[in-house]
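Just the heavy atoms: all of them, side chains too, but no hydrogens, waters or symmetry mates, feed the values below. For ligands, and for the atoms within them, numbers begin at 1 and follow the listed sequence.
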Amino acid sequence: MKKLIVANWKMHPDSAAEAVLLARQTEKGILKSKSDIVIAPPFPFLAFVKKVVKRAKLGAQDDFWESKGAMLKNSGVKYVIIGHSECRMLGETEEMINKKIKAALKAGLKPILCVGEHLETRKKGLAAAKNYVQKQLESDLREIVFNKKSLRKFALVIAYEPIWAISTNKDARPDKPEDAFEMIKFIKSLLAAKPYTLYPKVLYGGSITSQNAKSFLQYKEIDGALVGGASLKAEELKKIIAIANNASKAQSRI
Ligand code: PGA
């Protein structure tokens with residue numbers, strides 16, 4: 001299966017001109033890439049970035065649950081990041097996340113739902129982290145039913161991002177690839193047990209760089225990466241995309 005690489009620009013860069021330049025540089029040389037690629041710029045730059053991307057799909061940093069969801073869709077956005085830990089930390093609740101996912105699906109957008117545990121939880125062990133993530137998923141996806149049409153293509157992306165591994169955190173360090181693999185396998189088993197998501201893609205995020213991408217993407221079960229800091233350097237992101245291309249090629253031979 002193709003890997004999915006999502007460039008999570010968060011609140012960067014500082015100007016539309018820089019955003020256009022970064023998008024152009026990222027696009028250069030990825031036209032024939034075998035991976036799915038998403039660039040998620042900040043809202044003010046969506047329209048500018050839209051004009052220069054051909055290969056990458058456009059992602060939004062967030063959405064809202066009132067009936068204006070079509071605004072993003074009509075602006076060429078295909079994916080929307082929801083429930084990022086940096087928003088949860090500012091007071092976004094699971095109820096709000098649930099409404100945002102429902103609104104995104106209704107508007108024909110693919111939600112990229114971010115889940116992941118705090119360091120205090122992880123210190124208690126992987127089982128405690130799994131428990132935490134399971135509870136998040138149950139609340140975030142409450143009452144969400146996918147119809148047959150949406151099942152034909154994957155309609156949901158989950159990004160497992162242990163909070164302590166995200167580069168903006170003090171002392172951040174990437175998770176051990178084998179632990180990320182274990183957690184992602186667990187997330188997939190939870191979703192497979194539900195009637196609604198036959199083909200969720202589950203990504204890993206948290207300090208992914210070209211140095212460590214292979215150690216995560218080598219696992220068939222890890223469907224791609226949500227890349228923050230490293231996606232702000234076009235050459236770095238392109239190296240990660242090349243690693244994803246090679247990983248899915250190798251996995252399709254197995
Ligand atoms: P990072 O960010 O790659 O800089 O750790 C990932 C994210 O927050 O989505």
Peer 1: Have a look at Leu156 and tell me which of Leu105, Ile112, Leu141 forms a side-chain contact (heavy atoms from CB on, under 4.5 Å) with it.
Peer 2: Leu141
Peer 1: For Lys28, which residues count as a side-chain contact (heavy atoms from CB on, under 4.5 Å) partner, sequence neighbours excluded?
Peer 2: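 Listed in chain order: Lys238.
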Peer 1: Classify the ring geometry of His118 against Tyr132: parallel below 30°, tilted from 30° to 60°, perpendicular beyond 60°.
Peer 2: perpendicular
Peer 1: Between Ala230 and ligand 1, is there a nitrogen or oxygen pair with a distance under 3.5 Å?
Peer 2: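 No, since none of the N or O atoms of Ala230 sits under 3.5 Å from an N or O of ligand 1.
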Peer 1: For Lys249 and Asn245, which I'm curious about, is there any donor-acceptor pair between the side chains at under 3.5 Å?
Peer 2: no
Peer 1: Which atoms from ligand 1 have a heavy atom of Gly206 less than 4.0 Å away?
Peer 2: 5 (O)
Peer 1: Starting from atom 4 (O) of ligand 1, which protein heavy atom do you reach first, and at what distance in Å?
Peer 2: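 The answer is Ser167 OG, 2.4 Å.
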Peer 1: Going by the order shown, which atoms of ligand 1 are within less than 4.0 Å of some heavy atom of Ile166?
Peer 2: 2 (O), 5 (O), 8 (O)
Peer 1: Considering only non-hydrogen protein atoms, determine which one is nearest to atom 9 (O) of ligand 1 and report residue, atom name and distance to 0.1 Å.
Peer 2: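 Protein heavy atom with the smallest distance to atom 9 (O) of ligand 1: Glu161 OE2, 2.8 Å.
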Peer 1: Applying a strict 4.0 Å limit to heavy atoms, is Gly205 in contact with ligand 1?
Peer 2: no
Peer 1: Identify which one of Met96, Gln61, Lys100, Lys99 satisfies the side-chain contact (heavy atoms from CB on, under 4.5 Å) criterion when paired with Ile82.
Peer 2: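 Going through the options one by one, the only one that passes is Lys100.
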Peer 1: May I ask you to check whether Asn8 has an N/O atom sitting below 3.5 Å from an N/O atom of ligand 1?
Peer 2: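 For ligand 1, there is an N or O atom that lies under 3.5 Å from one belonging to Asn8.
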Peer 1: Closer than 4.0 Å to some heavy atom of Gly229 - which atoms of ligand 1 meet that?
Peer 2: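 Answer for ligand 1: 1 (P), 3 (O), 4 (O).
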Peer 1: Contact between ligand 1 and Ser207 is defined here as a heavy atom of the residue under 4.0 Å from a ligand atom; is it met?
Peer 2: yes
Peer 1: Distance-only, no hydrogens or angles: does the Arg122 side chain make a donor-acceptor pair with backbone N or O of Pro162 under 3.5 Å?
Peer 2: no
Peer 1: Under a 4.0 angstrom heavy-atom cut-off, which atoms of ligand 1 come close to Leu226?
Peer 2: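 Counting from 1, the qualifying ligand atoms are 9 (O).
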Peer 1: Using only heavy-atom distances, determine whether the side chains of His84 and Glu161 contain a donor-acceptor pair under 3.5 Å.
Peer 2: yes
Peer 1: Would you compute the distance between atom CD1 of Ile184 and atom CD of Glu221 and round it to the nearest 0.5 angstrom?
Peer 2: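 Going from CD1 on Ile184 over to CD on Glu221, the span is 9.5 Å.
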Peer 1: Distance to 0.1 Å, residue and atom name: give those for the protein heavy atom nearest to atom 3 (O) of ligand 1.
Peer 2: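 Atom 3 (O) of ligand 1 sits closest to the protein heavy atom Gly228 N, 2.9 Å.
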Peer 1: Quick one: which ligand 1 atoms are inside 4.0 Å of a heavy atom on His84?
Peer 2: 7 (C), 8 (O), 9 (O)
